[in-house]
Amino acid sequence: MTAVMQSGSTTQTSDVREVQSTSCCVVGGGPGGAMLALLLARQGISVLLLEAHKDFDREFRGDTVHPSTLEILDEIGLADGLHQLPHGKVYGPVVSAANGPFAPFDLRRLDTRFPYIMLMHQPIFLEFLTEEAKKYPNFRLLMGANVLELVEDSGVVRGVRYQTPKAWHEVRALLTVGADGRFSRVRHLAGIEPIKTSPPMDVLWFRLPRLPEDPQVPGGALVGALGRGRILAMLDRRDYWQVAYVFPKGHYQELRAQGLEALRHSIAELEPRLASHVEHLSDWHQFSLLSVESSRCPRWYKPGLLLIGDAAHVMSPVGGVGINYAIQDAVVAANVLTKPLKAGRVQLSDLAEVQRQREWPTRFIQAVQSFAQKRVVASVLRTQAAFRIPWFVRLFARVPILRDLPARLLAFGIWRVHVKN
Ligand SMILES: Cc1cc2nc3c(=O)[nH]c(=O)nc-3n(C[C@H](O)[C@H](O)[C@H](O)COP(=O)(O)OP(=O)(O)OC[C@H]3O[C@@H](n4cnc5c(N)ncnc54)[C@H](O)[C@@H]3O)c2cc1C
């Protein structure tokens, strides 16, 4: 038995049942990986998308599709089709603070065909992208393919090895893309270490039923309630509420120890209209914990390998931009790499160019998130008093040239990304 070129394990060549080859092997069928695979497939590039799970229907990871993503889909003729699928729309939050309601921004004033955040169940969104990709014969999707090793040759990544329930398989690729999320195995195998910062909060996501007496939330379908050391944000999903309960970092075990009754009480205290809804919370399995993290890799690539999306940078949930940043990375990667992939030669400078175009928007938004976390989230979580919106924040939201900046940043990042090919 001969050992194959690999990183970090001792699998033998004889274990491999099949060796496939492709131009681009994308690891991870999340929003970033699915979008990149689709864009490359459109260009006639042979692309293999490997997804560890058997289907897209898994734990909640956010359902927001921002205006930037909708514009990107519009550019490739898919926005109308996406709108045929079940979805909701958010135009802007109304924050209920001790000194009255406050609307920090309104997406409806933006200059775009899509002045809202679409709320779509992520599995439906991912199915949509991959079904589109399947229309191209040069695209292949393998579900239940768990990538466990990199195939390397003299420091150049030449592909991956993945395991299905039945066997090991190997993929040889001109380019391997790690789009495998915040706990990226590809990143780890490549020896790339992210620089982490620790935002001051964690989030519990859960659903509450929509009851007949529930109000229609005017204009914006997102309501935030601040105060008493907790933050509650609610997204109106038409037939249910998607709720985020934000609490100080590292206190999850304490919450668990206090019990569900204490949590139900805390939610109802923050938003009294939820007093009867919380009775539906009877098991901790109804909650998804988001251990909030913010990180960025100093380098998103090495020869033969590129990282995108959460694998390259985990975004804090402030503004809910993780999905659209992963998608923007995918668009830039496709813009930059289509030609080299078609030519059969991807140079290190091509991979560096992807990072160059995406790093500053990422750094900028992370800096804004960090500011918001320190100045707003941390101070709300520290105080037991009901939160009051400072006067200067209210003033900012009234000045015409300033008031749309947050909405623009949230919708598009610091600049719009377009599909070039
Ligand atoms: C509870 C929660 C709520 C969130 N809410 C929001 C929100 O409202 N809005 C928002 O914008 N963002 C939200 N996020 C963040 C958002 O989910 C991510 O930023 C976004 O999904 C990143 O996309 P991605 O494609 O880079 O990675 P992911 O979406 O994480 O996709 C990675 C994919 O890779 C697969 N994978 C992992 N390892 C392997 C492997 N070894 N082999 C093969 N496949 C593998 C995974 O199964 C997964 O499908 C939330 C995250 C969580 C956890």
Side-chain angles (χ1 to χ4, degrees), residues 8 25-37 48-66 68-69 90 117-123 125-127 129-130 141-150 160-164 169 171 176-189 202-207 222 233-235 237 242-246 287-295 297 300 306-330 333 358 362 365-366 369 410-411 413:
C25 174
V26 181
V27 182
M35 179 60 91
L36 176 62
L48 176 62
L49 177 59
L50 300 175
E51 167 53 46
H53 285 81
K54 287 200 181 69
D55 57 39
F56 292 120
D57 201 6
R58 48 191 177 269
E59 204 161 87
F60 175 75
R61 288 190 315 207
D63 289 344
T64 53
V65 184
H66 280 56
S68 62
T69 301
V90 166
I117 293 172
M118 174 190 265
L119 295 179
M120 178 174 280
H121 197 37
Q122 201 181 104
F125 181 62
L126 295 176
E127 286 282 353
L129 293 181
T130 50
L141 166 65
L142 293 178
M143 304 297 288
N146 189 11
V147 171
L148 295 174
E149 298 175 1
L150 294 180
V160 299
R161 309 183 89 216
Y162 65 90
Q163 213 176 21
T164 59
H169 306 261
V171 181
T176 299
V177 178
D180 52 341
R182 52 167 47 203
F183 305 111
S184 172
R185 185 169 188 109
V186 170
R187 179 183 67 211
H188 174 72
L189 291 169
D202 286 329
V203 183
L204 276 182
W205 282 98
F206 53 95
R207 286 180 180 200
L222 178 70
M234 297 163 56
L235 299 175
R237 304 303 300 269
Q242 185 79 54
V243 187
Y245 181 83
V246 185
F287 299 87
S288 296
L289 172 67
L290 171 60
S291 173
V292 174
E293 167 186 331
S294 178
S295 69
C297 291
W300 300 15
L306 175 69
L307 302 175
I308 63 166
D310 274 18
H313 49 72
V314 176
M315 312 300 280
S316 142
V318 173
V321 295
I323 294 169
N324 65 315
Y325 266 60
I327 286 179
Q328 290 187 342
D329 287 357
R358 290 303 298 153
T362 306
I365 210 81
Q366 286 186 333
Q369 289 176 323
L410 183 79

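Numbers for residues simply follow the sequence, beginning at 1. As the structure lists them, so they are numbered: ligands from 1, and atoms in each ligand from 1.
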For residues [X] and [Y], determine if any side-chain heavy atom of one lies less than 4.5 Å from a side-chain heavy atom of the other.
X: Leu119; Y: Thr64; value: yes
X: Val160; Y: Leu189; value: no
X: Phe125; Y: Met118; value: no
X: Asp180; Y: His188; value: no
X: Leu129; Y: Met35; value: yes
X: Arg182; Y: Ser295; value: no

Which residue and atom name correspond to the protein heavy atom nearest [atom], and how close is it?
atom: atom 31 (O) of ligand 1; value: Gly30 CA, 3.3 Å
atom: atom 21 (O) of ligand 1; value: Pro31 CD, 3.8 Å
atom: atom 8 (O) of ligand 1; value: Gly62 CA, 3.6 Å
atom: atom 19 (O) of ligand 1; value: Asp310 OD1, 2.8 Å
atom: atom 38 (N) of ligand 1; value: Asp180 CB, 3.6 Å
atom: atom 3 (C) of ligand 1; value: Trp205 NE1, 3.3 Å
atom: atom 9 (N) of ligand 1; value: Thr64 OG1, 2.8 Å

Closest contact, heavy atoms only, [X] versus [Y]:
X: Ala244; Y: Val203; result: CB-CG1, 3.8 Å
X: Ile308; Y: Gly33; result: CD1-N, 4.5 Å
X: Gly28; Y: Glu51; result: C-OE1, 3.8 Å
X: Asp63; Y: Gln242; result: OD2-OE1, 4.4 Å

Within-cut-off N or O pair, [X] and ligand 1, under 3.5 Å:
X: Gly32; result: yes
X: Ile323; result: yes
X: Phe60; result: no
X: Arg182; result: no
X: Arg185; result: no
X: Val147; result: yes
X: Arg61; result: yes

What atoms of ligand 1 come within less than 4.0 Å of a heavy atom belonging to [X]?
X: Ala145; answer: 42 (N), 43 (C)
X: Gly309; answer: 26 (O)
X: Asn146; answer: 40 (C), 41 (N), 42 (N)
X: Val27; answer: 42 (N), 43 (C)
X: Leu50; answer: 43 (C), 44 (N)
X: His53; answer: 47 (O)

Report the distance from atom CD1 of Ile365 to atom OG of Ser294, rounding to the nearest 0.5 Å.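 Answer for the CD1-OG pair, Ile365 versus Ser294, is 11.0 Å.
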Interatomic distance, Leu49 atom CG to Met143 atom CE [nearest 0.5 angstrom]: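 If we round to the nearest 0.5 Å, Leu49:CG and Met143:CE are 8.0 Å apart.
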Asp329 bridged to Arg358 by N-O distance under 4.0 Å: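 Salt bridge present between Asp329 and Arg358.
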Just to be sure I read this right, does ligand 1 sit under 4.0 Å from the backbone of Val321, its side chain, both, or neither, counting only heavy atoms?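 Near ligand 1, Val321 shows its backbone, while the atoms from C-beta on stay back.
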Below a 4.0 angstrom heavy-atom separation, can you tell me which part of Ala326, side chain or backbone, both or neither, approaches ligand 1?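 Side chain only; the backbone of Ala326 stays clear of ligand 1.
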Can you check which of [options] brings a heavy atom nearest to [atom]?
atom: atom 52 (C) of ligand 1; options: Ile327, Asn324, Leu290, Leu119; value: Leu290
atom: atom 32 (C) of ligand 1; options: Ala34, Ala179, Ser291, Gly28; value: Ala179
atom: atom 45 (C) of ligand 1; options: Ala52, Gly181, Gly322; value: Ala52

Give a yes/no verdict on whether any heavy atom in Pro317 is under 4.0 Å from an atom of ligand 1.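 The answer is no, since Pro317 has no heavy atom less than 4.0 Å from ligand 1.
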With a 4.0 Å cut-off on heavy atoms, is Glu51 in contact with ligand 1?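 Right, Glu51 reaches ligand 1.
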For the pair Tyr325 and His313, name the ring-plane relationship: parallel under 30°, tilted 30 to 60°, perpendicular over 60°.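 Tyr325 and His313: perpendicular rings.
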Check: Gln369 side chain, Val318 main-chain N or O, donor-acceptor pair, under 3.5 Å: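 Answer holds: yes.
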Option passing side chain to side chain contact (heavy atoms under 4.5 Å, CB included) with Cys25 (candidates Val177, Val186, Val147, Leu50):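 Output: one option passes, namely Leu50.
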